[in-house]
A.B. asks: 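Would you mind keeping the following structure in view while I ask a few things?
Since this is a predicted model, take the numbers as computed values, not measurements. In listed order, ligands and their atoms are each counted from 1.
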Amino acid sequence: MTDRATPVPPDRRAELAAGLARVRARIADACAAAGRDHTEVTMIAVTKTYPASDVVALAGLGVPDMGENRDQEAAPKAAEVAAAGAHPRWHFIGQLQRNKCRSVVRYADVVHSVDSVRLAGALGVAAERGRDRPLEVLVQVSIDGDPARGGALPGSADPERGLDRVAEAVAAAGPLRLAGLMAVAPLGWEPERAFATLAGVAEGFRAAHPQAVALSAGMSGDLEAAIAYGATHVRVGSALLGMRPTLR
Ligand SMILES: *Cc1c(COP(=O)(O)O)cnc(C)c1O
């Protein structure tokens with residue numbers, strides 16, 4: 001099919017293919033070291049700040065999962081990618097404001113970043129109105145328990161941010177499917193310590209929610225440690241696409 005709106009320059013395609021080969025090799029090595037099958041780990045290509053043509057190129061290289069962290073950027077990019085004839089699974093991985101839920105439910109297949117009861121409720125209402133199939137949700141969990149940063153709080157009875165309360169709110173929302181947990185290693189923590197802590201939280205979580213087996217953890221710099229501690233999804237941006245011009 002012709003693709004005038006979103007052409008992929010051949011040099012860029014080769015660059016992305018090389019990045020993809022490197023990241024896939026890292027994932028395969030990490031799985032082998034952990035005694036896991038590489039099919040247990042899904043790589044999400046984090047395409048924030050990169051153009052729709054990169055998404056189309058990655059889809060053409062056999063990457064089915066893409067991640068974005070800002071609705072303002074993701075919504076038009078998803079539309080452009082669809083118009084070019086590619087249909088990846090979109091993962092929304094960034095902090096989500098309640099007034100963006102209506103937009104996000106139209107293109108996202110998975111939301112990784114639900115960390116409050118109110119956000120779960122808003123997303124459920126938006127999904128009920130704005131889509132005709134369930135939306136997968138991961139609860140973002142705080143590894144260091146710092147309430148000033150993002151993430152639901154394990155072991156906390158806080159009615160708004162306690163992990164159990166947030167998970168119950170997701171499970172209670174008809175159009176949402178509680179699929180698992182997501183986390184980002186806190187700044188200044190050794191990845192091994194962060195992901196070992198997360199693995200403990202995930203184990204308790206799965207005992208209460210046996211179907212919620214997804215564990216989204218690990219980025220370009222720490223995906224090996226995340227895989228060693230049970231990640232089922234790694235979110236890889238710069239190692240695949242190159243350094244981003246701005247930090248977000
Ligand atoms: C940007 C981002 C990533 C990818 O980060 P890299 O270091 O570029 O791999 C992963 N997770 C989240 C939540 C992000 O915002």
Side-chain angles (χ1 to χ4, degrees), residues 12 15-16 18-27 29-30 41-52 54-55 57-58 61 63-75 77-78 88-97 100 104 107-116 119 123 136-144 146 149-152 166 179-192 194-195 198 201-202 214-248:
R12 182 59 173 154
E15 213 168 78
L16 290 171
L20 181 60
R22 284 193 301 269
V23 172
R24 282 190 173 146
R26 283 178 61 189
I27 293 172
D29 288 350
V41 178
T42 299
M43 184 200 73
I44 300 168
V46 178
T47 51
K48 65 187 181 195
T49 77
Y50 285 99
D54 279 359
V55 177
L58 286 167
L61 290 166
V63 177
D65 292 273
M66 309 292 167
E68 287 282 334
N69 72 333
R70 288 171 67 241
D71 177 64
Q72 297 92 311
E73 178 182 349
K77 195 182 292 183
R89 272 166 67 78
W90 288 103
H91 297 252
F92 191 87
I93 62 173
Q95 195 186 6
L96 177 56
Q97 287 155 341
K100 300 295 184 194
V104 166
Y107 59 85
D109 299 285
V110 189
V111 173
H112 289 227
S113 42
V114 172
D115 65 354
S116 75
L119 180 58
L123 197 61
E136 283 189 39
V137 168
L138 310 190
V139 176
Q140 183 175 352
V141 68
S142 165
I143 291 177
D144 60 6
D146 179 355
R149 300 186 9 120
V166 178
L181 296 178
M182 176 272 222
V184 179
L187 280 176
W189 281 49
E190 285 293 321
E192 285 74 14
F195 296 132
L198 177 64
V201 172
L215 186 58
S216 168
M219 325 201 306
S220 292
D222 57 14
L223 66 88
E224 284 84 0
I227 288 171
Y229 286 98
T232 62
H233 292 71
V234 292
R235 309 176 306 267
V236 184
S238 50
L240 191 57
L241 290 118
M243 292 305 283
R244 287 179 295 276
T246 54
L247 279 177
R248 297 194 175 180

A.B. asks: Any salt bridge (Lys or Arg N to Asp or Glu O under 4.0 Å) involving residues 182-191? Give me the pairs, sequence neighbours left out, ordered by first then second residue.
C.D. replies: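 For residues 182-191: none.
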A.B. asks: Is there a heavy atom of Arg244 sitting under 4.0 angstrom from any atom of ligand 1?
C.D. replies: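 Arg244: in contact with ligand 1 (<4.0 Å).
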A.B. asks: Give the single entry among Ile93, Thr47, Val23, Val46 that approaches atom 12 (C) of ligand 1 most closely by any heavy atom.
C.D. replies: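 Among Ile93, Thr47, Val23, Val46, the closest heavy atom to atom 12 (C) of ligand 1 comes from Ile93.
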A.B. asks: I'd like to check whether Gly237 has a polar contact with ligand 1, where a contact means an N/O of the residue lying under 3.5 Å from an N/O of the ligand.
C.D. replies: yes
A.B. asks: Counting from 1, what ligand 1 atoms have a heavy atom of Ser238 closer than 4.0 Å?
C.D. replies: 6 (P), 7 (O), 8 (O), 9 (O)
A.B. asks: Side chains of Ser113 and Gln95: is there a donor and an acceptor less than 3.5 Å apart?
C.D. replies: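 Side-chain D/A pair, Ser113 to Gln95: absent.
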A.B. asks: Can you name the atoms of ligand 1, numbered from 1 with element, that are less than 4.0 Å from a heavy atom of Val236?
C.D. replies: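 Heavy-atom distances to Val236 below 4.0 Å select 9 (O).
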A.B. asks: Can you sort out which atoms of ligand 1 are near Arg235, meaning under 4.0 Å from one of its heavy atoms?
C.D. replies: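 Those atoms are 4 (C), 9 (O), 10 (C), 11 (N), 12 (C), 13 (C).
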A.B. asks: Can you check whether Arg149 reaches Ser142 side chain to side chain, under 4.5 Å on heavy atoms?
C.D. replies: no
A.B. asks: Compare all side-chain heavy atoms of Glu73 with those of Glu68 and state whether any distance is below 4.5 angstrom.
C.D. replies: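 Glu73 vs Glu68: side chains touch.
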A.B. asks: From atom 14 (C) of ligand 1, work out which of Met219, Lys48, His91 has a heavy atom at the shortest distance.
C.D. replies: Lys48
A.B. asks: From Leu241 CG over to Leu58 CG, what is the distance, rounded to the nearest 0.5 angstrom?
C.D. replies: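 One gets 5.5 Å once the value is rounded to the nearest 0.5 Å.
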A.B. asks: Knowing that exactly one of Leu215, Asp222, Ile227 qualifies, which makes a side-chain contact (heavy atoms from CB on, under 4.5 Å) with Phe195?
C.D. replies: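 Testing each of Leu215, Asp222, Ile227 against Phe195, the sole residue satisfying side-chain contact (heavy atoms from CB on, under 4.5 Å) is Asp222.
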